[in-house]
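Notes follow once the structure below has been shown.
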Amino acid sequence: MQAFRVLLENVPAHSGTYRAILQEMTERVNTAPVRITYKEEDQNGYHVFFFQSWCEEEYDAQTIDWARAFVALSLAEWIMQVKEPEIIEEMAEDLLQSEQLEEEWAEILPYIQRMCQEHEPAGTELFTATTRKANVYRKAFTYLEYERTVNVLGFVRFRLQDHWNELFELVEAGIDEYLEDKQYQEFVELLRYFIAVQETKQEVVHVVPSVDKPFHLYDKKGDRLWLDQLDSVLSMEEQNCRDEDYLVSALVTLAPESIVLHMATERPGLTQTIRSIFDSRLSTCQSCPLCLADRRVLDLHNPSKL
C-alpha cells in the first residue's frame, strides 16, 4: 500500500476545485490494476487530502509509480487552474501600476491570456500552457519520490521559481503586445482623420504586387505613378520588412478617392491594414487579366499596363 498527503490552504474554493479535478481524473484515468482512493479532513489550518493506493497484483516497474503519477498530475492541474491565474494577476498588477495602466486591466487581460495559452509553433520553444503543465508535473512527480506529504503553498513558492520567472516574461510580453496594438490603433485613427480632411489627389490608385519592388502604383488610366522619394526607400533591401508601412504612406500622400488592391488574396494582412485606414475606399481585385494570370510587373523601366 502507498500513501500520500496533499495539504491545501483551508479555502473552500481551492479545495472544491481540487476535489473536482480528482473526481474528473478518477472517471477519466484507468489506473487498474492499481486502485487509488482518497479522503479529506481539516487539520491544523489546512484542508488535507489523504491518498491510499494498492495493487490487485504484484507491483511491477510500471505500476509502482502510478499513484505518485496520479497525485502529481492532480497537483499540476490544480496549480494551472488556480494558482497560475492568481499569480498572473499579481504580476500584472505590479507592472500595470508602474505603467499607470490599472484602469485598462480588462482590455489587457485577454492579451496576457492569449500569450499564456497559445499553441507552440513548429521550431520554437515557447513557454505554452501544455509545456508549463508538463514542467509542473515533472517537479511534483520528482518531489513525491522522496516526500509523501506535500504542502502545496510551500511547493508553489519554493519549488516553482523558474516557472514563475518564465511566466513573468509572458505577462510582460502580453502587456507589450497590448501597448503596441494600442499605439497602432491610435496611429490608424490619426491617419483616418488626416485622410478625411485631406483633398483628393487621385480618383483611383491601383496597387499591384511586383517582383522588383514590393508594389507598383497605377492611376485610373493604367499609367504608372512615380513617387521618387518613396521608390528610393522601397528599393533598399534592408527595408523590405516594412514595405506595407511605406505603401500606406504612399496612399496617404496620393489621397485617392478609391483604392484597388490586386491579387489581394495573397496579402490578407495588407488588405486588413489598408481597410482599417481607408475603410470603404478600398476594393479588391482578383478577376482582371493581371490577377487571373498571376503575373508580375517585371520591367522597372518599361512597366506593363493594367
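Nothing here was measured: the structure is a model prediction, and the numbers come from that model. Throughout, residue positions are numbered sequentially from 1 according to the sequence presented.
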Using the test salt bridge (charged side-chain N to carboxylate O under 4.0 Å, His left out), find all partners of Glu172 that sit at least two apart in sequence or belong to another chain.
-> none
Could I get the full list of salt bridge (charged side-chain N to carboxylate O under 4.0 Å, His left out) partners for Lys220, not counting sequence neighbours?
->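 With sequence neighbours excluded, Lys220 shows a salt bridge (charged side-chain N to carboxylate O under 4.0 Å, His left out) to Glu203, given in chain and number order.
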Would you say the side chain of [Y] lies within less than 4.5 Å of the side chain of [X], judging by non-hydrogen atoms?
X	Y	result
Val188	Arg192	yes
Arg224	His216	yes
Leu247	Leu217	yes
Phe70	Thr26	yes
Val207	Leu251	yes
Leu96	Glu103	no
Trp105	Glu89	yes

In sequence, state the C-alpha distance, the side-chain angles, and the governing distance for Val204 and Glu257, and then conclude on side-chain contact (heavy atoms from CB on, under 4.5 Å).
-> CA-CA 6 Å; Val204 179; Glu257 186 176 328; over 6 Å; no
Identify whether the distance between the nearest side-chain nitrogen and carboxylate oxygen of Glu107 and Lys182 falls below 4.0 Å.
->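 No.
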Does any N or O in the side chain of [X] come within less than 3.5 Å of the main-chain N or O of [Y], such that one atom is a donor and the other an acceptor?
X	Y	value
Glu77	Lys133	no
Trp164	Val156	yes
Asp223	Asp219	no
Asp65	Arg68	no
Gln161	Arg157	yes

What about [X] and [Y], same hydrophobic cluster or not, with Ile/Leu/Val/Met/Phe/Trp/Tyr joined at side-chain heavy-atom distances under 4.5 Å?
X	Y	value
Ile64	Phe141	yes
Phe194	Val248	yes
Leu75	Val48	no
Leu191	Ile259	yes

Looking only at heavy atoms, what is the nearest atom pair of [X] and [Y], with distance?
X	Y	value
Ala72	Leu144	N-CD1, 3.9 Å
Ala76	Val136	CA-CG1, 3.7 Å
Val34	Ser53	CG1-CB, 4.2 Å
Met80	Pro85	O-CD, 3.4 Å
Ile88	Cys116	CD1-SG, 3.9 Å
Leu225	Gln202	CD2-NE2, 3.8 Å

I need the [X] [atom1] to [Y] [atom2] distance, nearest 0.5 Å.
X	Y	atom1	atom2	result
Leu109	Arg114	CG	CZ	11.0 Å
Gln198	Leu254	CD	CG	9.5 Å
Leu261	Leu282	CG	CG	6.0 Å
Leu101	Glu93	CG	CD	13.0 Å
Leu160	Glu84	CG	CD	9.5 Å
Ile79	Tyr137	CD1	OH	13.5 Å

Passes side-chain contact (heavy atoms from CB on, under 4.5 Å), Tyr46 versus Asp42? Steps please.
-> CA-CA 6 Å; Tyr46 293 99; Asp42 293 334; over 6 Å; no
On the 0 to 90° scale, with breaks at 30° and 60°, tag the Tyr143-Phe155 ring pair as parallel, tilted or perpendicular.
-> perpendicular
Please work out whether the ring planes of His47 and Phe49 are parallel, tilted or perpendicular, with thresholds of 30° and 60°.
->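 Rings of His47 and Phe49: perpendicular, over 60°.
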Between Asn135 and Arg132, a side-chain donor and acceptor under 3.5 Å = no
Indicate whether any N or O donor in one side chain lies under 3.5 Å from an N or O acceptor in the other, for His262 and Gln286.
->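 No - no donor-acceptor pair under 3.5 Å links their side chains.
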Taking it one step at a time, do Phe50 and Thr37 satisfy side-chain contact (heavy atoms from CB on, under 4.5 Å)?
-> CA-CA 8 Å; Phe50 295 91; Thr37 61; over 6 Å; no
Listed by chain and number, what are the side chain to side chain contact (heavy atoms under 4.5 Å, CB included) partners of Pro110, not counting sequence neighbours?
-> none
Donor-acceptor contacts under 3.5 Å from residues 268-280 side chains, at least two apart:
{"from": "Thr271", "atom 1": "OG1", "to": "Arg267", "atom 2": "O", "distance (Å)": "3.0"}
{"from": "Thr273", "atom 1": "OG1", "to": "Gly269", "atom 2": "O", "distance (Å)": "3.0"}
{"from": "Ser276", "atom 1": "OG", "to": "Thr273", "atom 2": "O", "distance (Å)": "2.6"}

Should Val260 and Val205 be marked as a side-chain contact (heavy atoms from CB on, under 4.5 Å) after you check the CA-CA gap, both sets of side-chain angles, and the distance that decides it?
-> CA-CA 6 Å; Val260 180; Val205 170; over 6 Å; no
Does atom [atom1] ([X]) have a neighbourhood of more than 12 heavy atoms from anything else shown, all under 6.0 Å?
X	atom1	value
Gln97	CD	yes
Tyr184	OH	yes
Gln100	CD	no
Asn44	CG	no
Arg35	CZ	no

Not counting sequence neighbours, which residues clear side chain to side chain donor-acceptor pair (under 3.5 Å) with Asp181? List them please.
->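 If we apply the side chain to side chain donor-acceptor pair (under 3.5 Å) test to Asp181, skipping adjacent residues, the hits are Tyr111.
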Review item, side-chain donor-acceptor pairs of residues 3-22, under 3.5 Å, at least two apart:
{"from": "Arg5", "atom 1": "NE", "to": "Thr149", "atom 2": "OG1", "distance (Å)": "3.2"}
{"from": "Arg5", "atom 1": "NH1", "to": "Gln43", "atom 2": "OE1", "distance (Å)": "3.0"}
{"from": "His14", "atom 1": "NE2", "to": "Glu86", "atom 2": "OE2", "distance (Å)": "3.1"}
{"from": "Ser15", "atom 1": "OG", "to": "Val11", "atom 2": "O", "distance (Å)": "3.4"}
{"from": "Ser15", "atom 1": "OG", "to": "Pro12", "atom 2": "O", "distance (Å)": "3.1"}
{"from": "Thr17", "atom 1": "OG1", "to": "Ala13", "atom 2": "O", "distance (Å)": "3.0"}
{"from": "Tyr18", "atom 1": "OH", "to": "Ser74", "atom 2": "OG", "distance (Å)": "2.8"}
{"from": "Arg19", "atom 1": "NE", "to": "Glu40", "atom 2": "OE1", "distance (Å)": "3.3"}
{"from": "Arg19", "atom 1": "NE", "to": "Glu40", "atom 2": "OE2", "distance (Å)": "2.8"}
{"from": "Arg19", "atom 1": "NH2", "to": "Glu40", "atom 2": "OE1", "distance (Å)": "2.9"}

